[in-house]
Amino acid sequence: MDKFPATAIVAKVLAMALEVYALPSGTVHLAQQIESKNIVEVGGLVEVWGKPSRSIVRGNWRYHSIEFIVLHYNKTEILSGKTTVMVPNNE
Amino acid sequence: MNKAPIFEIELPIISKLISEDLILKYAEISGDFNLVHIDPVFAKNSVFGGIVAHGMMTLGFIYNMLTVHFGIHWLKTGKLNVKFKIPARPGDKLATFGRIIQDDEDQCQRRIQCSIALINTVTKQELIEGTATLQMATTRRPNGDRSD
């Protein structure tokens with residue numbers, strides 16, 4: 001069975017974060033941390049838990065960090081990570 | 001801790017040519033439709049001044065390099081910590097860079113740290129830079145000798 005790469009999972013997490021946290025187009029991906037704990041195979045079912053961990057404003061930009069954890073359906077941890085993005089501050 | 005240089009110091013190079021088609025396909029697969037990746041007009045008026053590739057797509061090239069070199073050890077224990085310095089654009093020719101900078105081993109475990117980067121092969125600019133670490137079972141025998 002083919003293994004599903006961690007970066008592909010994190011790409012999905014990032015796409016979900018854009019939607020869940022209503023991050024607008026123009027958001028810039030600044031940094032990424034990924035810590036792999038287990039392998040998930042193609043077709044595997046996973047769930048994602050995320051929380052914003054930091055948010056600061058500098059000039060015309062807001063900086064957000066989002067920490068997340070990805071679990072297999074049996075609750076085995078697949079990976080964890082932290083995404084940092086820069087969002088246009090239109091407020 | 002002892003030095004245990006099993007692997008080559010330089011990791012294999014993964015080369016990629018970025019295209020708008022590749023970026024669009026990645027947007028469809030990942031579900032990341034940030035307009036800086038898919039809308040030339042929006043992207044032109046953004047901070048980037050034009051279409052740019054997804055950071056996670058370009059990070060995938062580095063991940064691939066580490067998987068090719070370290071295999072299952074990377075997939076199960078790998079840690080990545082990177083900064084996206086410059087975005088990749090359509091037409092860019094990219095190449096991964098990886099170098100083992102630390103390789104420590106004790107009776108139980110081996111810890112390897114790599115310096116990693118993604119380079120524009122034409123401009124020589126560094127698009128991504130960071131570190132990768134992984135662990136694996138020790139190659140040291142009970143008598144202290146190494147098995148490799």
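Convention: sequence-line order gives letters A, B, ...; per-chain numbering from 1. Please read all numbers here as calculations on a predicted model, not as lab measurements. Atoms considered below: every heavy atom in the structure, side chains included; atoms not considered: hydrogens, waters and symmetry mates.
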Among residues 40-53 of chain B, those lying within the under-4.5 Å heavy-atom range of chain A are F42(B), V47(B), F48(B)
Whatever's closer than 4.5 Å to a heavy atom in chain B on I34(A) counts as both
Applying a strict 4.5 Å limit to non-hydrogen atoms, the region of I62(B) in contact with chain A is neither
Most heavy-atom pairs under 4.5 Å with chain A, out of G78(B), G130(B), P87(B), G60(B), belong to G78(B)
Are T76(A) and N74(A) linked by a side-chain donor-acceptor pair shorter than 3.5 Å?
yes
Is any side-chain heavy atom of [X] closer than 4.5 Å to a side-chain heavy atom of [Y]?
X	Y	value
D106(B)	R111(B)	yes
T96(B)	I116(B)	no
V28(A)	W61(A)	yes

Comparing L18(A), T27(A), L23(A), N38(A) against chain B, the one with the most heavy-atom pairs below 4.5 Å turns out to be T27(A)
Rounding to 0.5 Å, atoms CG (L11(B)) and CZ (F97(B)) come to a distance of 8.0 Å
**Study point:** Parallel, tilted or perpendicular: ring planes of H37(B) versus H54(B), cut at 30 and 60 degrees
**Key:** parallel
Given the options T7(A), T84(A), T83(A), Q32(A) meets side-chain hydrogen bond (donor to acceptor under 3.5 Å, both in side chains) only with T83(A)
*Give the cluster check for I29(B) versus I9(A): same hydrophobic cluster or not, with ILVMFWY residues linked at side-chain heavy-atom distances below 4.5 Å.*
no
